[in-house]
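Just follow the structure's listing: the first ligand is 1, and inside any ligand the first atom is 1.
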Amino acid sequence: MGSIKQNILDIEKDLVGTACRLIIVTKTKPIEKVFELYHLGYRAFGENRVQELILKHEALPKDIEWHLIGHLQTNKVKSIASFVSLIHSVESFRLLEEINKQAIKNNRIIPCLLQIYIAKEETKFGLSQEEALEILNSSQLSELKNISITGLMGMATNTENRETIRKEFISLKKFFESIKTIKKPNVDIKELSMGMSSDYGVAVEEGSSMIRVGSAIFR
Ligand SMILES: *Cc1c(COP(=O)(O)O)cnc(C)c1O
C-alpha cells in the first residue's frame, strides 16, 4: 500500500494550486484494495462497469462517492440510480430520459456529464459538439427535472504525441467555456472531466476539474 499512497501523493502534488480533483479509478481492483484506500481517507472512486460498481457499493462504506465513468446501457440505469454520485458518460438524450425516470423513483437529482468525442480514434464513445448542443438547447431537456447536467467528459487519443493530446483537451475546454452561459434549471456547467494516467498532466494544464486516474496509482 505504501507505494500506492506515494503514487496518489505524487499526483496530488500536481493538483496543488488548481481546482482539479482526483477520482481514483478502482476498476478491476479488489474490494479489499478499495477499502484500504478508504482507510487512507479517500472517498471518490470511479468504475467503468455497472456490475462491478454495484458490488463495490454494496460491500463498502456508504459515504463513498461513486463515479460511473464507462459506457452505460439504458437497462442498467435502474441498478445504480439510488447511489451514483456522478455519471461521466452520458451519450444520448434517451439515456438522460432514463436517468431522469430512475432519479424520480429514488427521489433525487442525478448529476451527469455529457461525454464528448474528441479523439481521432473510432473506438472512443461520445457525442459530437453539435449533438451535445442539440441536447443542451432542446426544449425537452427542461422536462427532465431530476437530472442535472454539470459538465463534460472527454478522452484524448491514446498517443505519445503530447501536442495531439493538448489540442484535443484545448478544444474540449473551449467548448466547455462556450456552454457555461446556458441558463436552464437543470444545466449548471462547472465540471470538466479530462485526463487519465497517461495524460492527466496535460489535462490539468488545460483546465481539467476532475482527473480519472487508475493505472498510474496501482502500478
Ligand atoms: C480506465 C479508465 C480511466 C483510467 O485509466 P488509467 O489509464 O488506468 O488511468 C479513465 N477514464 C475512463 C473512462 C476509463 O475507462
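Using a 4.0 Å heavy-atom criterion, the residues that approach ligand 1 are V25, K27, N48, I69, M155, M196, S197, R212, V213, G214, S215.
Within the 4.5 Å cutoff, the side chain of D14 has no heavy atoms near those of the I211 side chain. Residues L37 and F45 form a side-chain contact, since some pair of their non-hydrogen atoms from C-beta on lies under 4.5 Å apart.
Ring planes of F35 and Y38: parallel class, angle under 30° (limits at 30 and 60°).
Counted by atom type alone, H67 and E65 present one or more donor-acceptor pairs between their side chains at under 3.5 Å.
A distance of 5.0 Å separates CD in Q140 from CZ in F93, rounded to the nearest 0.5 Å.
For the pair S208 (side chain) and A203 (backbone), a donor-acceptor distance under 3.5 Å is absent.
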